[in-house]
Each structure stands twice: as structure tokens, then as C-alpha cells.
Amino acid sequence: MKIQLKDALSFIDSNTYNQTFDDVTKAHQALLDKSIPGNEFLGWVEVNAVDEPTLKTIQATAKRLQEAVDVLVVVGIGGSYLGAQAALQALKPYFPKEGVEILFAGHHMSGLYMTELLEYLDNKRYAINVISKSGTTTEPALAFRLLKNHLEARLGEAAKDYIIATTDGSKGALRTLADEQGYESYVVPDDIGGRYSVFSAVGLVPMAVAGIDVEAFIKGAQAGYETYRVPAKDNPAMLYAATRQSLYRLGKKIEMFVHYEPKLHFTAEWWKQLFGESEGKDGQGIFVSSAGFSTDLHSLGQMIQEGEKIFFETVLSIDTPLSNLTIPSDQDNLDGLNYLAGETLDAVNEKAQIATRIAHVDGDVPNLVLSLPTLDAYHYGQLLYFYCFACAISGAASGVNPFDQPGVEAYKVNMFALLGKPGFEKETQAIKARIKK
């Protein structure tokens, strides 16, 4: 992993950067000595949430399902599914010809989606991996109830052999159900929050079933830990945290995760949850957004180039071309593209990336560039660990607890009140009166 900062540091005065880097250095030390706010949720830092026997069990589960089913439905929301979905999109072919199809449910409450999903599964051999610490989070709990009923209607008692629960080790509704029904189960560690959980069974079970090399993924993350734990002026995680926080202090309020490869779309979605939920509190925080170029240059390009100057871009680039598809010559050349004949499409994409960065920097939009050597399981594990580590120290340097999410509960109270959930009677009366006004 390399980081290029020249097109961002030129926007930052030395006093702001030096002070911010000092704050990041203190946060880095606090993370390692476990004095950071939220230090009860640091089980991800040393990448040891899954020991060797558990990893082997996960791989055995994956092999069993690969031989038994066509589809695995992963049920979860937020960090319970985004890490796996990001890895699957990044590391598997766009149009796979074989292997278990991985679908997702429980990340919204669309009745149409669930109706069509159940209809699709009518003709499929499928299993369910339900991921929930408590088992009572509304979105995944509703989806699991529907899927469980559907599977049991088809298989009867044998359905239990096709349900895998990833949940609390000792308590909660899903743990109780898993123990009663005899589901195969994995543990969501108490000391790891959902958005930092991709290196636990939460992310590894779906990835292994999909055929991703989870051992390489873990080794990449462990290599990241060995690199980013060392405090240094050239530590990429510290540089990233200090640069983005410096830009924020100078009025750049929005960070855009930019990529030029659609396989990274859900990596951006995972990143947005990680940073948004970690830093957006106490009336502050960088607003995180994303764009896939060159597609979004035809929708957001004008705004980025000439709109209000409150944002900056972090570009994720892959050094090794992912394809060698060459542009052919055309006798008539009606599209005027013969000047590109013989070039690869990836080379053209790279030139678009460089040209766009220059234009945006000229338009007063700072740009950071993160470069990944190649897109494989090892380097992808290192990438996701980089973001986790950088997020923790960036949030702590800004003065917030990067491991809690108190604001997430506000909408839930209103929703439970409107739905008439037992125990929310006073809130139900209050919100109904408010709606009448």
C-alpha cells in the first residue's frame, strides 16, 4: 500500500498539518496501549479474532456448503454484511461461471425484494447465514423469519442443517435459537463492533463459501498490523488520518472515495459505514461520500469541478492492470477512436484517472491517492485493515469515540413507537400526537 499526498498537502499550511499529525500520533499510541476511547472494542486490532482451529472449521463449513447448495443467503445489516459483500465484489469475477451464488437479505425492509428473493429461491438449493449479535435487530430479524419459514416449509426438520448463525457466544435471541435448534454457529466477539468485524467469522464465513482465500486475506490484514502499528512519519495510516483531518480543519467537510473500477463499488459502501459511523458524532465529522469514475464524471463532474469547495477526494488506484483487453482498429473510424487502437482499455482508464486528478486539483479540490499493488485476497485484506486502523486513529484524533454509535438509536425509538412495539407505549402516544400536529 502506497499513499501519494502532494496534491493534498499543497492545500495545507504546515502549522495545521504538524498539529494534526501530533494529535494523530497521540491517538496512534492510545490505540496500541488501549487507552483510546471505546477501548473495550479493540479485538480487531491484532487480527486474532479467529484462531487456527476456527479458521479450519470455517473452511470445512465452506466445503460442505459448496457441495450441497447453489445459493447462500447472507442475512445482516451494516457491518454484518458490508465487509463480505465488498470482498466478494472485489475478489470474484463479474460474471462467475461456477461456485455458490451469494445473495444478501436483511439490509433493508423492502417487501418487493423479499418477495422476489423467495420466489427465486423456490427453485434453488440454498442455505442461510444469519449474522446478528442480538438476533433482534429489526431488518435482519424480519428477513430471517421469512427465510427460515420458507426453508422449513421445504425441508422440514432438515432445514436446521442449512442454517448457520453468527451471533453472540452466550446470550441473545439468536444464540438461544441456535442452541435450541442445533444450528452450526460462529461467534461475534464481544470486543469487536460490527463495522470492524470483517476479519472475524462475520466476514470470513461468506467469503470462504464464495471460494475466496480467507487465509491469504487474514495474512494481508496481519501484515497491515505489523506495518501500521509502528509510529513513523511515513506510516501510511497515520499520513492518511493526519491529511484528511487537516483538510477538515481547513474547511473541507466532505471526503469522496473515488475509484475507477466498478469492482470497488461496495468497498466504498463499506468504507462509508466505517468512517461515517465512527466519526460522525458530537456535532462534527467529515461527511463521507463516494463516486465511481469515469461513470460519475458524467453526473457529478460539473459539481466537483466548479461547485462549492468543501470537499476533497481520496482515489483508490490498482497498480497492476486487471485486464489486457486491447482496442481494435476500425477501417471506417467513424467514432474517431483509431488513435487509441492497440492501447488496452485499462491504460485508457488510467489516463482518465490522471487527467481527472489534475483537473480537480486545478479546480481547488485536494486529492489523495492510495495505491494497491494488485487486487487479490492478500492485498485486499491489507487494504481493509488499513482503513480500520486509519479510521480508529483519525476518529480519536478528532476527539470522538470511534467505536460507538449513539445516534443510530434515535430513528429506532421512533420506528418502534409507530409500530406499537411493547414497552414503547409512552413513545407511541407522544409520536402520534406529534404527527397529528
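Values in this document were obtained by computation on a predicted structure and should not be read as measured data.
The ring-ring contact (aromatic ring centres under 6.0 Å, His included) pairs that include a residue from residues 62-107 are Tyr81-Phe104, Tyr81-His107, His107-Tyr113, where partners are two or more places apart or lie in different chains.
Remark: side-chain polar atoms of Lys281 are paired, donor with acceptor, to backbone N or O of Ser278 under 3.5 angstrom. For Lys309 (side chain) and Gly363 (main-chain N/O), a donor-acceptor pair under 3.5 Å exists by modelled atom type. Under a 3.5 Å cut-off, the side chain of Thr374 and the backbone N or O of Asp376 do not form any donor-acceptor pair. Of the possible donor and acceptor atoms, none in the side chain of Arg195 sits under 3.5 Å from a partner among the backbone N and O of Gly78. Judged by distance alone, with hydrogens and angles left aside, the side-chain atoms of Asn129 form no donor-acceptor pair with the main-chain N or O of Val74 at under 3.5 Å. With hydrogens and angles disregarded, a donor-acceptor distance shorter than 3.5 Å links the side chain of Asp296 to the backbone of Gly292.
In the model, Ser185 has a side-chain atom that pairs as donor or acceptor with a side-chain atom of Arg175 under 3.5 Å. Side-chain N/O atoms of Asn349 and Ser294 include no donor and acceptor closer than 3.5 Å. With no hydrogens or angles considered, a side-chain donor-acceptor pair links Ser35 and Asp33 at under 3.5 Å. Side-chain contact, Thr54 with Asp51: a donor N or O sits under 3.5 Å from an acceptor N or O. His360 and Asp7 are not linked by any side-chain donor-acceptor pair at a separation below 3.5 angstrom, with hydrogens and angles left out of the test. Of the N and O atoms on the side chains of Ser289 and Glu255, not one donor lies less than 3.5 Å from an acceptor on the other residue. Using a 3.5 Å distance cut-off with no hydrogens or angles, the side chains of Asp23 and Thr20 do not pair a donor with an acceptor. Looking at His108 and Glu139, their side chains never bring a donor and an acceptor atom within 3.5 Å of each other. Under the 3.5 Å distance criterion, with hydrogens and angles disregarded, a donor-acceptor pair is assigned to the side chains of Glu279 and Ser394. Side-chain atoms of Arg357 and Gln353 form a donor-acceptor pair, as typed in the model, at a separation below 3.5 Å. Counted by atom type alone, Lys272 and Ser290 present one or more donor-acceptor pairs between their side chains at under 3.5 Å. Glu215 and Gln59 form a side-chain donor-acceptor contact under 3.5 Å, judged by distance and modelled atom types alone. Residues Gln222 and Glu226 bring no donor and acceptor atom of their side chains to less than 3.5 Å of each other. With no hydrogens or angles considered, no side-chain donor-acceptor pair links Gln19 and Asn15 at under 3.5 Å. Side-chain polar atoms of Gln89 and Thr267 form no donor-acceptor pair below 3.5 angstrom.
For Phe217 and Phe199, the ring centers are positioned less than 6.0 Å apart. Between Phe386 and Tyr228, the gap from one ring centroid to the other is short of 6.0 Å. Aromatic ring centres of Tyr126 and His150: separated by under 6.0 Å.
Put simply, the side chain of Tyr186 does not reach to within 4.5 Å of the side chain of Leu204, judged on heavy atoms. Using a 4.5 Å cut-off on side-chain heavy atoms (C-beta onward), Leu370 and Met1 make contact. Proximity of Leu88 to Ile212: side-chain heavy atoms (C-beta onward) are separated by under 4.5 Å at one or more points. Contact annotation: the side chain of Ile102 never approaches that of Val71 to less than 4.5 Å [non-hydrogen atoms, C-beta and beyond]. With a 4.5 Å cut-off on side-chain heavy atoms, Leu65 and Val100 do not count as touching. Between Leu264 and Leu316 the shortest side-chain heavy-atom distance falls below 4.5 Å. Using a 4.5 Å heavy-atom cutoff, the side chains of Tyr196 and Leu42 are not in contact. Residues Val258 and Thr314 have side chains not in contact (no heavy-atom distance under 4.5 Å, counting atoms from C-beta outward).
The two atoms that bring Phe311 and Ile304 nearest to each other are CZ-CA, 3.4 Å, heavy atoms only.
With a 6.0 Å cutoff to the six-membered ring centre and a 45° limit on the axis angle, Lys253 counts as a cation-pi contact of Tyr248.
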Side chain to side chain donor-acceptor pair (under 3.5 Å) for Thr16 and Asp13? Distances and angles first, verdict last.
CA-CA 6 Å; Thr16 298; Asp13 64 275; 2.8 Å; yes
Pair Gln4, Ser371 - check side chain to side chain donor-acceptor pair (under 3.5 Å), show working.
CA-CA 8 Å; Gln4 178 182 315; Ser371 299; 5.9 Å; no
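Below 30°, between 30° and 60°, or above 60°: for Tyr240 and Phe275 the angle between ring planes is above 60°, a perpendicular geometry. The aromatic rings of Tyr385 and Phe389 are tilted relative to each other, their planes meeting at an angle between 30° and 60°. Between Phe403 and Trp44, the angle of the ring planes lies from 30° to 60°, which puts this pair in the tilted group.
A salt bridge does not link Lys219 with Asp213: every distance from a Lys NZ or Arg NE/NH1/NH2 to an Asp or Glu carboxylate oxygen is 4.0 Å or more. By the 4.0 Å N-to-carboxylate-O rule, Asp168 lies close enough to Lys133 to be salt-bridged with it.
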